[in-house]
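Everything on this sheet refers to the single structure shown next.
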Amino acid sequence: MINNAKAIVKVDSKDAKLSMAHFFVAFGALAIGGLMGLLQTLVRSGKFELPFGIGYYQILTAHGVLMGLVLTTFFIMGFQYAAVSRTAGPHSSAARRTGWTGFWMMTAGTLMSGTMILLNEASVLYTFYAPLKAHWIFYLGLTFVVVGSWVDGIAQIMTYAKWRKNHPGVPSPLLSFMAVINTVLWIVATLGVAATVLFQLLPWSLGLVDTVDVLVSRTLFWYFGHPLVYFWLLPAYMCWYAVVPKIIGGKIFSDSLARLSFILFLLFSIPVGFHHQLTEPGIDPAWKFFQVILTFMVVIPSLMTAFSLFATFERYGRSKGATGILGWFKVLPWNDARFIVPFIGMAAFIPAGAGGIINASNQMDQVVHNTIWVTGHFHLTAATSVILTFFGISYWLIPHLTGRKLTKKMNKLGIIQAWVWFIGMAFMSGSMHIQGLLGGPRRSSFSTYGDSKQALEWIPYQIAQAVGGTILFIGIILVLVIFINLAFFAPKGDEEFPVGEAENSEERAPMVFENWKLWLGILTALILFAYTIPFIDIIQNAPPGSKGFRTW
Amino acid sequence: MHMHKLEKIWLILGISCLIIFLTTVGVSAFYMGNKPPSCLLTIDPEKVDQQKPFDKPGLHKVEGKEWDYELVYVAQAFSYNPAKVEIPLGAKVKVIATTKDVIHGFEVAGTNINMMLEPGYISEYTTTFDKEGEYLIVCNEYCGSGHHLMFSKIEVVKK
């Protein structure tokens with residue numbers, strides 16, 4: 001399995017080109033989206049106003065779409081495409097063509113939606129809740145991004161299928177298996193958002209139908225909205241499980257358990273969307289609670305992941321002669337950006353996960369729902385754990401793909417970048433959490449709400465967010481400097497694409513993990529169980545539909 | 001598939017905590033009545049003003065119900081009707097709200113009242129106001145360019 005990957009050291013140069021194309025779009029989105037984020041925190045501090053009549057909610061939409069949809073999807077597809085090529089062999093020319101087709105569809109879609117946001121025709125935020133009605137080109141652009149990502153993902157599945165065909169009865173390479181799990185998760189999840197956009201929002205924005213069923217649209221959106229965050233997270237887990245052990249010089253704790261946890265993530269990340277809809281009318285509380293239970297099932301693979309990672313660290317440390325309970329901690333390679341940057345991300349996941357447990361609980365959600373606490377939460381999960389891991393991946397993957405080396409200087413800058421990020425996020429996310437507990441709403445421009453005493457208490461936290469946002473923007477500049485260096489200027493050389501090996505290489509992963517009929521069957525059953533009855537209720541008891549509004 | 005002994009212990013402990021946690025949440029919701037707002041009533045969003053109780057927004061004393069008052073709100077971009085209301089300290093109040101246009105939030109900062117208002121649906125939550133002072137009702141779901149200017153106030157007063 002993983003031994004087999006040893007023969008292939010470099011990602012094929014043609015595949016490298018497509019991966020890099022993804023990364024250029026991803027880091028471009030980071031640059032623009034990051035600037036938008038900075039401007040938001042400045043406006044909300046109350047000390048700064050946007051020039052040229054640019055609206056706060058326009059830049060908020062741009063920030064969400066660019067960071068949440070464009071940066072993540074392009075980075076993940078580029079990374080997974082390279083990981084499959086590295087571990088399952090170069091993509092065939094048919095798979096490569098498919099990959100490029102997907103890439104251009106996503107890029108075209110991004111440009112279409114982006115243009116509409118720039119023209120202020122789509123200030124509906126990245127969740128585009130009906131009956132706010134954006135320009136139809138915005139919805140069409142999103143459709144291109146989603147369908148393009150399916151096509152892009154199919155390229156990975158094709159190469160995985162080819163490998164399986166050539167190696168009957170053998171478990172696939174771990175990284176390829178994980179990439180395909182995440183692609184399948186993405187395709188199943190995006191069916192929901194594709195359904196609401198294609199069958200509801202697009203015809204409605206084109207004027208073909210007059211009204212839209214708001215709750216159906218929201219339910220379809222959140223069927224997609226939660227697995228979306230697992231789609232961001234699983235590539236980070238790929239790095240933590242399968243790449244970091246190699247970087248530190250240790251072994252993967254257990255190949256089989258890693259696969260099992262990915263399957264559990266696939267099963268329990270989708271039928272859970274109601275936990276984003278806990279405070280809304282029209283959904284029976286019993287079904288809400290049922291999906292809350294399913295939501296919490298992801299605690300199990302999360303516990304498995306935490307155990308595996310720290311077991312790997314400890315075993316490596318002890319093999320280096322570390323003693324005592326925590327002696328192994330000291331001997332980890334703290335000077336290697338490829339390790340410490342994702343490690344800071346991992347550490348951030350501890351408070352981030354705890355916050356998530358609060359958000360998904362029936363009653364506690366009522367205290368924090370739609371407050372800026374939630375924004376603070378996903379800036380720890382997505383914008384720290386996930387993105388720092390993505391940065392850490394870039395530091396070896398970009399030079400690997402461009403035939404360059406990560407120099408000592410860039411390595412050091414990478415470590416500085418991660419600490420800058422950590423400090424900036426501690427300010428920003430920390431003050432968002434506190435302000436949220438005090439009731440401060442998310443997604444809102446600066447306001448004193450008629451000099452309300454409560455609202456005036458929020459302002460110091462908003463200033464702290466602007467301080468954090470400014471530090472984070474410095475972090476973005478640093479990571480862009482490193483990216484450009486590694487893409488164009490770093491010295492030529494061979495940077496390793498680290499792929500870990502299992503500690504017990506004789507123990508083969510059970511083949512049942514590759515039984516897609518079984519897992520897709522269970523997944524379908526869970527989704528049908530969690531959604532069929534409430535969905536029928538929602539449709540049967542639907543109020544008259546809503547016409548569209550343009551309130552911006 | 002081999003599982004390390006320590007990992008088994010770790011998972012058993014973790015899953016036990018999970019079960020205790022979910023049981024607590026479930027008992028609190030269904031036995032103690034702390035369910036999230038989940039009203040199943042619907043309304044025609046274009047005829048809100050003509051329908052009861054939304055034809056008369058504001059605080060109304062009611063008799064023979066589990067609560068003392070009904071507090072009715074109609075939301076639209078970018079305001080709530082009523083814009084200000086006084087509630088006697090200790091009153092048990094059923095808040096009933098809906099929207100005439102897009103989705104709005106309805107959050108009374110500093111309390112557990114926090115619900116989505118969606119066109120076509122009525123949102124309800126019953127609570128007791130047992131602390132004096134001014135409370136801010138804030139729209140916490142994006143509704144347009146004036147979203148941050150959408151608020152209302154509740155004054156809880158000793159009478």
Side-chain angles (χ1 to χ4, degrees), chain A residues 55 57 123 125 129 131-132 214-215 218 254 256-257 260 278-285 288-289 292-293 296 299-300 303-304 307 311 361-363 365-367 369-371 438-439 441-447 449-450 452-455 504 507 509-510 541-546 549 551-552, chain B residues 1-4 6-7 10-11 14-15 18 21-22 25-26 28-30 34-46 77-78 101-103 105 107 109-110 112-124 134-136 138-149 151 153:
Chain A
Y57 298 104
S123 297
L125 310 192
Y129 294 139
L132 292 171
V214 172
L215 191 53
R218 283 176 66 79
S254 165
S256 308
L257 287 172
L260 177 61
L278 285 174
T279 69
E280 62 191 82
I283 303 171
D284 191 275
K288 287 179 179 173
F289 184 62
V292 165
I293 294 176
F296 277 102
V299 167
I300 297 168
L303 289 172
M304 289 166 60
F307 188 94
S361 306
N362 262 348
Q363 300 89 350
D365 178 59
Q366 247 167 280
V367 179
H369 178 77
N370 270 352
T371 67
L438 297 173
R442 69 187 284 199
R443 301 178 144 183
S444 300
S445 187
F446 179 78
S447 173
Y449 295 97
S452 143
K453 199 173 143 244
Q454 285 173 311
N504 186 351
E507 188 201 316
N541 301 321
S546 283
F549 291 89
T551 51
W552 65 91
Chain B
M1 192 176 61
H2 168 74
M3 203 180 257
H4 194 278
L6 285 173
E7 176 157 25
W10 164 253
L11 282 180
I15 293 168
L18 181 62
F21 181 83
L22 281 173
V25 172
S28 168
F30 294 96
N34 296 322
K35 278 180 272 194
S38 307
C39 180
L40 301 173
L41 298 174
T42 59
I43 186 171
D44 185 339
E46 302 199 5
F78 304 102
D101 43 37
V102 296
I103 295 173
E107 176 199 332
N112 288 344
I113 306 174
N114 190 352
M115 50 196 185
M116 305 291 297
L117 309 183
E118 294 177 15
Y121 291 89
I122 297 171
S123 296
E124 295 180 344
E134 188 188 78
Y135 292 88
L136 176 67
V138 48
C139 178
N140 64 9
E141 183 58 87
Y142 171 67
C143 57
S145 53
H147 164 54
H148 54 288
L149 305 173
F151 66 93
K153 281 175 184 171

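Every chain is numbered from 1, with letters handed out A, B, ... down the list of sequences. Just so it is clear, the structure is predicted and the values come from calculations on it, not from any experiment.
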What option among Gly439(A), Pro441(A), Pro544(A), Gly450(A) has the most heavy-atom pairs under 4.5 Å with chain B?
Pro544(A)
Between Val367(A), Leu125(A), Val299(A), which has the largest tally of heavy atom pairs under 4.5 Å with chain B?
Leu125(A)
Relative to chain B, which segment of [X] carries a heavy atom at a distance below 4.5 Å: side chain, backbone, both, or neither?
| X | value |
| --- | --- |
| Ser546(A) | side chain |
| Leu303(A) | both |
| Asn541(A) | backbone |

Within the 3.5 Å criterion, strictly below it, is a donor on Ser445(A) or His147(B) matched to an acceptor on the partner's side chain?
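On atom types as modelled, these side chains do not qualify, holding no pair under 3.5 Å.
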Residue pair Gln366(A) / Asn112(B), side-chain donor-acceptor N/O under 3.5 Å
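Checked: Gln366(A)/Asn112(B) side chains show no N/O donor-acceptor pair below 3.5 Å.
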Would you say [X] and [Y] make side-chain contact, with heavy atoms under 4.5 Å?
| X | Y | result |
| --- | --- | --- |
| Phe78(B) | Thr551(A) | yes |
| Thr279(A) | Pro37(B) | yes |
| Phe307(A) | Leu6(B) | yes |
| Glu107(B) | Thr371(A) | yes |

To the closest 0.5 Å, what do you measure between [atom1] ([X]) and [atom2] ([Y])?
| X | Y | atom1 | atom2 | result |
| --- | --- | --- | --- | --- |
| Leu11(B) | Ile300(A) | CG | CD1 | 8.0 Å |
| Ile103(B) | Glu280(A) | CD1 | CD | 7.0 Å |
| Ile283(A) | Glu118(B) | CD1 | CD | 7.5 Å |
| Glu7(B) | Leu257(A) | CD | CG | 5.0 Å |

Please classify the contact of [X] with chain A as side chain, backbone, both or neither, using a heavy-atom distance under 4.5 Å.
| X | result |
| --- | --- |
| Ala77(B) | side chain |
| Leu136(B) | both |
| Phe30(B) | side chain |

Could you tell me whether the side chain of [X] and the main chain of [Y] form a donor-acceptor pair under 3.5 Å?
| X | Y | result |
| --- | --- | --- |
| Gln363(A) | Val25(B) | yes |
| Ser447(A) | His148(B) | yes |
| Gln454(A) | Ala109(B) | yes |
| Tyr142(B) | Ser123(A) | yes |

Please report the shortest heavy-atom distance between [X] and [Y], naming the atom on each side.
| X | Y | value |
| --- | --- | --- |
| Pro281(A) | Ile122(B) | CB-O, 3.5 Å |
| Lys288(A) | Ser38(B) | NZ-OG, 2.7 Å |
| Leu22(B) | Phe289(A) | O-CZ, 3.7 Å |
| Asp365(A) | Asn114(B) | O-ND2, 4.4 Å |

Mind ranking [options] by heavy-atom pairs under 4.5 Å with chain A and telling me who comes out on top?
| options | answer |
| --- | --- |
| Glu141(B), Glu46(B), Lys35(B), His4(B) | Glu141(B) |
| Asn140(B), Leu149(B), Ile113(B), Thr42(B) | Asn140(B) |
| Gly14(B), Cys139(B), Ser28(B) | Ser28(B) |
| Pro45(B), Gly146(B), Gly105(B) | Pro45(B) |

Sequence neighbours excluded, the answer for ring-ring contact (aromatic ring centres under 6.0 Å, His included) partners of Phe296(A) is Phe21(B)
Among residues at least two apart in sequence or on other chains, which ones pass ring-ring contact (aromatic ring centres under 6.0 Å, His included) with Phe549(A)?
none
